[in-house]
Amino acid sequence: MSALPSTQRVLFVCLGNICRSPTAEGVFRKLLADRGLEHRIHADSCGTADWHSGKPPDPRSIAAAKRRGYDLEALRARPLCWEDYYTFDYMLAMDESNLEVLRRESPLDYAGHIGLFLDFAPDLPEREVPDPYYGEGDGFLRVLELVEAASDGLLAELLQHG
Ligand code: 4NP
């Protein structure tokens, strides 16, 4: 008897949920759609701060993503909440400070994986996705490059452990 593969749930986490984590959500969702895996793997994103709750991604993130074929326009920011720990198998932070928040807020019995998203791109020199919000335009392109590389690694991991 063969069991159906269960749904795997992934949450991308940054500070404001308007630049890095919605980019990760959009890129990873497109990867899933292109492989016909969107019913088997669920992706979402949130911020550890609630400053931009309800807002679409930063226009610079939307524009950079669009140039590479990703549509972020329908995404809306939301803050991390405790239910996330009971929903997501993987909670992936864009940088060390958001990783610290994820660990600090984690229930003692959380059995999923909390870590850095770029751990899934071990060949890159970076360990963190740099915050592009206050920087020049190039930062948004670098976010996309890093996110694309880690998305491939994450998908390989999920397919191996699914
Ligand atoms: P994100 O970038 O964490 O990648 O969404 C930021 C967005 C907004 C702010 C900081 C970082 N902010 O200070 O409002």
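Indexing begins at 1, ligand by ligand and atom by atom, following the structure's order. Note that this is a predicted model, so its numbers are computed, not measured. What you see below is based on every heavy atom in this structure, not just the backbone, and it leaves out hydrogens, waters and symmetry mates.
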How many angstroms lie between CE in Met91 and CG in Leu80, if you round to the nearest 0.5 Å?
5.0 Å
Check this for me: does any side-chain nitrogen of one of Arg142 and Glu145 sit under 4.0 Å from a carboxylate oxygen of the other?
yes
Using the six-membered ring of Tyr133, assess whether NZ or CZ of Arg60 lies under 6.0 Å from its centre and within 45 degrees of the ring axis.
yes
Just by modelled atom types, is the Leu102 backbone N or O under 3.5 Å from a matching donor or acceptor in the Ser106 side chain?
no
Residue set satisfying side-chain hydrogen bond (donor to acceptor under 3.5 Å, both in side chains) with Asp95, at least two apart, ordered chain then number -> Arg20, Ser97, Asn98
Does ligand 1 have any N/O atom under 3.5 Å from a protein N/O, and what are those pairs and their distances?
residue: ligand 1; atom: 2 (O); partner: Asp131; partner atom: OD1; Å: 3.3
residue: ligand 1; atom: 3 (O); partner: Leu15; partner atom: N; Å: 2.9
residue: ligand 1; atom: 3 (O); partner: Gly16; partner atom: N; Å: 2.8
residue: ligand 1; atom: 3 (O); partner: Arg20; partner atom: NH2; Å: 2.9
residue: ligand 1; atom: 4 (O); partner: Arg20; partner atom: N; Å: 2.9
residue: ligand 1; atom: 4 (O); partner: Arg20; partner atom: NE; Å: 2.8
residue: ligand 1; atom: 5 (O); partner: Gly16; partner atom: N; Å: 3.4
residue: ligand 1; atom: 5 (O); partner: Asn17; partner atom: N; Å: 3.2
residue: ligand 1; atom: 5 (O); partner: Ile18; partner atom: N; Å: 3.0
residue: ligand 1; atom: 5 (O); partner: Cys19; partner atom: N; Å: 2.9
residue: ligand 1; atom: 13 (O); partner: Tyr134; partner atom: OH; Å: 3.1
residue: ligand 1; atom: 14 (O); partner: His52; partner atom: NE2; Å: 2.8

Looking at Lys66 and Glu73, does any basic side-chain N land under 4.0 Å from a carboxylate oxygen?
yes
